[in-house]
There are 2 protein chains.
Amino acid sequence: MKPAVAALGALAQDTRLSIFRALVRAHSSNEGEGGLAAGEIGETLSVAPATLSFHLKELAHAGLVNSRREGRSIVYKADVAAMKALMDYLLKDCCRGTCGEAIDATPNRKEYA
Amino acid sequence: MKPAVAALGALAQDTRLSIFRALVRAHSSNEGEGGLAAGEIGETLSVAPATLSFHLKELAHAGLVNSRREGRSIVYKADVAAMKALMDYLLKDCCRGTCGEAIDATPNRKEYA
DNA sequence: TTCATATTTCGACAAATATAGAAATATAGG
DNA sequence: CCTATATTTCTATATTTGTCGAAATATGAA
């Protein structure tokens, strides 16, 4: 499977998209900093441990998150570079190259919540 | 389900992503122009009629394509505005707002084929 | 070592997805 | 009206996905 399809599939699920968005919010550009422990994510989003682990593995397998152990916790962190690569791909190949330009100026544009 | 998740799910499949990309290539900004007949898509991508119909319905249900009848054919067309909305959402909420800026200048960036 | 905490893996299951042959529907042309 | 073409719907089937209780693993603390 193409990596872009894997990344899209990883984000195409309510719980996983919420997880990823939470990780992006908690992101830090510094190595070894930022991110959220699995437990924190599960508590915030009310997801059972086994279910959460399943979704985190999906995101990791798609290359959108990575993890490090910190004491008893495992801290997950969004891979912003991977997300950039996905955006770049979509922009170039799936959008006629127009999606990056003047989005806010487009009349009658649709918007997702 | 959130519309963004629906759109991501529609694109998160090899055949459907190929269909959508073909439709973007064949796009025209003019109303009632551009797009590809279902048969053309099926022939180009070697997808059986029933399978193709299934995938086109998925894309249409997610709002990423629309269609018009033209004689015996049904012509499908990418909804570029919907794709823009998806990109906008991802850019704002899933990327720390950095994915639209200087993508090509980013060192060691990842890239999807 | 023993105990508590944090997370993953295992096993089972229901639901959703992808595929495609066959039948049904819609349109155009003779 | 009859026939050919284009596409969808129906039906069935195999595969994948999402969920979660229970057991296993890893770490830190007493």
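Lettering of chains follows the sequences in order, A, B, ..., and the numbering in each one begins at 1. Hydrogens, waters and symmetry mates play no part in the numbers below; they use all other heavy atoms, side chains included. No experiment lies behind these values; they were computed from the predicted model shown.
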**Student:** Once rounded to the nearest 0.5 Å, what's the spacing between atom OG1 of A:Thr15 and atom CG of A:Leu45?
**Tutor:**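 Those atoms lie 7.5 Å apart.
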
**Student:** With a non-hydrogen cut-off below 4.0 angstrom, is A:Ala38 in contact with a base, only sugar-phosphate, or nothing?
**Tutor:**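 Sugar-phosphate, backbone atoms only, no base.
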
**Student:** Can you check the B:Arg16 CZ to C:dT17 C1' distance for me, whole Å?
**Tutor:**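 B:Arg16 atom CZ is separated from C:dT17 atom C1' by 8 Å.
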
**Student:** Of the nucleotides C:dT19, D:dT27, D:dC20, which has the atom closest to the A:Arg72 side chain?
**Tutor:**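 Of the candidates, D:dT27 comes closest.
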
**Student:** Does D:dA6 have OP1 or OP2 under 4.0 Å away from a side-chain N or O of B:Tyr76?
**Tutor:**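 No, no such contact exists.
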
**Student:** Hey, could you give me the NE2/CE distance between A:His27 and A:Met83, rounded to the nearest 0.5 Å?
**Tutor:**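 Rounded to the nearest 0.5 Å, the NE2-CE separation comes to 12.5 Å.
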
**Student:** In Å, rounded to the nearest 0.5 Å, how long is the span from CG of A:Leu11 to CZ of A:Arg21?
**Tutor:**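 It comes to 11.0 Å.
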
**Student:** Relative to the 5' end of DNA chain D, which residue comes earlier, B:Val75 or A:Glu58, by the nucleotide with the nearest heavy atom?
**Tutor:**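 That would be B:Val75.
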
**Student:** Considering only D:dT7, C:dA18, D:dT27, which nucleotide approaches the side chain of B:Ser73 most closely?
**Tutor:**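 Minimum distance to the B:Ser73 side chain belongs to D:dT7.
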
**Student:** Tell me the interatomic distance from A:His55, atom NE2, to D:dT16, atom P, rounded to whole angstroms.
**Tutor:**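 Rounding to the nearest Å, NE2 of A:His55 and P of D:dT16 are 18 Å apart.
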
**Student:** Measure the distance from CD1 on A:Ile74 to P on C:dT7 and round it to the nearest whole Å.
**Tutor:**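 It is 7 Å, rounded to the nearest whole Å.
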
**Student:** Using 0.5 Å steps for rounding, measure from the CG atom of A:Asp79 to the CG atom of A:Leu59.
**Tutor:**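 Taking CG in A:Asp79 and CG in A:Leu59, the distance rounds to 11.5 Å.
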
**Student:** Can you tell me how far P of C:dT9 sits from CZ of A:Phe54, to the nearest Å?
**Tutor:**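 Atom-to-atom, A:Phe54 to C:dT9, this comes out as 12 Å.
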
**Student:** How long is the straight-line distance from NZ of A:Lys77 back to CD of A:Glu33, given to the nearest 0.5 Å?
**Tutor:**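 So the gap between those two atoms works out to 7.5 Å.
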
**Student:** Choose from D:dC20, D:dT27, D:dT7 the nucleotide whose nearest atom is closest to any side-chain atom of B:Ala37.
**Tutor:**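 Nucleotide nearest to B:Ala37's side chain: D:dT7.
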
**Student:** With sugar-phosphate meaning primed atoms plus P, OP1 and OP2, does B:Ser53 contact a base, only sugar-phosphate, or nothing at under 4.0 Å between heavy atoms?
**Tutor:**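 Base contact.
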
**Student:** Which nucleotide, D:dA26, C:dA22, C:dT9, lies nearest any side-chain atom of A:Lys57?
**Tutor:**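 Out of D:dA26, C:dA22, C:dT9, the nucleotide with an atom closest to A:Lys57's side chain is C:dT9.
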
**Student:** Rounded to the nearest angstrom, tell me the gap between atom CE in B:Met1 and atom C1' in C:dT17.
**Tutor:**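 Taking atom C1' of C:dT17 as the reference, CE of B:Met1 is at 12 Å.
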
**Student:** By nearest atom, which of the nucleotides C:dG21, C:dA6, C:dT19 is closest to the B:Gln13 side chain?
**Tutor:**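 The answer is C:dT19, which lies nearest to the side chain.
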
**Student:** On DNA chain D, compare the nucleotides closest to A:Ala50 and B:Ala50; which residue's is nearer the 5' end?
**Tutor:**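 Final value for this comparison: B:Ala50.
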
**Student:** In whole angstrom, give the distance that lies between atom CG of A:Leu52 and atom P of C:dT9.
**Tutor:**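 So the two atoms are 12 Å apart, to the nearest Å.
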
**Student:** Measure from CG on A:Leu56 to C1' on C:dT7 and round the result to the nearest Å.
**Tutor:**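 Result: 10 Å.
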
**Student:** Atom CD of B:Glu70 to atom C1' of C:dA28: distance rounded to whole Å?
**Tutor:**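 The answer, rounded to whole Å, is 14 Å.
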
